[in-house]
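Notes to accompany the following structure.
Here is the naming used below: chain letters follow the sequence lines, and residue numbers restart at 1 for every chain.
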2 protein chains.
Amino acid sequence: MSAKTSSARPASKVCCGTARDIPLSERDADDLAIVFAALSDPVRLRLLSLISSSTEGEVCACDLVPPLGKSQPTVSHHLKILFEAGLVAREKRGVWVWYRAVPKRLEAVASRLR
Amino acid sequence: MSAKTSSARPASKVCCGTARDIPLSERDADDLAIVFAALSDPVRLRLLSLISSSTEGEVCACDLVPPLGKSQPTVSHHLKILFEAGLVAREKRGVWVWYRAVPKRLEAVASRLR
DNA sequence: TCATGATATTGATAGTTGTCAATATCTTGT
DNA sequence: ACAAGATATTGACAACTATCAATATCATGA
């Protein structure tokens, strides 16, 4: 029960250190997980999509509430999470807050998936 | 309080329909969210990294438990989530189960981030 | 068949998260 | 200063999740 069968040889003691690179530090994993967690909610994905696909490149928060069918506080909460994950930027102009996507951030995340 | 200030004109009634494409259906958002949820845990990211970076292209589950510092049931649970999200494939050979990454799936997810 | 070891499942628990109603904060027009 | 409206915060609650110990399942060698 220690080594090879027909096809291969597992045995913890034998095949340790088969990884090519240092895989992913605990810290890096924690950081990455936060971004993916921000992307792991349907409402936030739709928010991000609405923002990214806007012709003007930015969207007023007031226009993000109606299409989602969620309360204003809920949308505000989700926007905050996207913001803190660096996925969107925001700018307050007068009473309104404008959100825009951060393509660089999205690109960086995508590249981590190979 | 309905329209433009210096910089722009929000007013829900005025600027509706500024989206370029149909943004992201509720169903698509749900599906995508599941994949990102699978990627939103540090342990799973490290698992995926360990599997992806292995020289042989596949890793025995028995070799995935020690480096993570988690119990065997916990690792098994995380592997199941990765599997169900389509991010890894598995093959049972004898007593052992071998895991390999699914690059196509990773690529597909990455492309959704533009 | 039996004992052994690898992996999966179950059950329980603590911590996290999405949601909304209520409320607070902040900005502008009057 | 005040009223109105946009956004954020708070508090509460239900649903979900990560984790482990215990246990079950399954394949192999003796």
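- A heavy-atom distance below 4.5 Å is found between the side chains of A:Phe36 and A:Leu113.
- Remark: P of C:dT16 and CG of B:Asp41 are 13 Å apart, rounded to the nearest angstrom.
- Rounded to an integer number of Å, the gap from B:Leu82 CG to D:dA18 P is 11 Å.
- Rounded to whole Å, the distance from CH2 on B:Trp96 to P on C:dA6 is 7 Å.
- Across all strands, A:Val75 comes closer than 4.0 Å to no nucleic acid atom at all (heavy-atom distances).
- Among the protein residues, A:His78 comes within range of the sugar-phosphate backbone only, with heavy atoms under 4.0 Å from sugar or phosphate atoms but none that close to a base.
- Comparing B:Val97 and A:Ser71 against DNA chain C, the residue whose closest nucleotide sits nearer the 5' end is B:Val97.
- Across the protein-nucleic acid pair, A:Glu84 atom CD and D:dA8 atom P stand 11 Å apart, rounded to whole Å.
- In terms of position along DNA chain D, the nucleotide closest to A:Leu79 lies nearer the 5' end than the nucleotide closest to the other residue of the pair A:Leu79 and B:Arg44.
- Within the 4.0 Å cut-off from OP1 or OP2 of D:dA8, not a single side-chain nitrogen or oxygen of A:Lys92 is found.
- By the rule that hydrophobic residues join a cluster once side-chain heavy atoms approach within less than 4.5 Å of another member, A:Phe83 and A:Leu32 end up as members of one cluster.
- Nucleic acid contact for A:Tyr99: sugar-phosphate only, since backbone atoms but no base atoms lie under 4.0 Å from a heavy atom of the residue.
- Taking both residues in full, the closest heavy atoms of A:Ala85 and A:Ala38 are given as CB-CB, 3.6 Å, listed atom of the first, atom of the second, then distance.
- Regarding contacts with the backbone of C:dA8, a side-chain N or O of B:Arg90 is found under 4.0 angstrom from either OP1 or OP2.
- You'll find the side chain of B:Ile51 reaches within 4.5 Å of the side chain of B:Leu64, heavy atoms only.
- Regarding contacts with the backbone of D:dA8, a side-chain N or O of A:Ser76 is found under 4.0 angstrom from either OP1 or OP2.
- As a whole-Å value, the separation of B:Leu68 CG from C:dT7 P is 13 Å.
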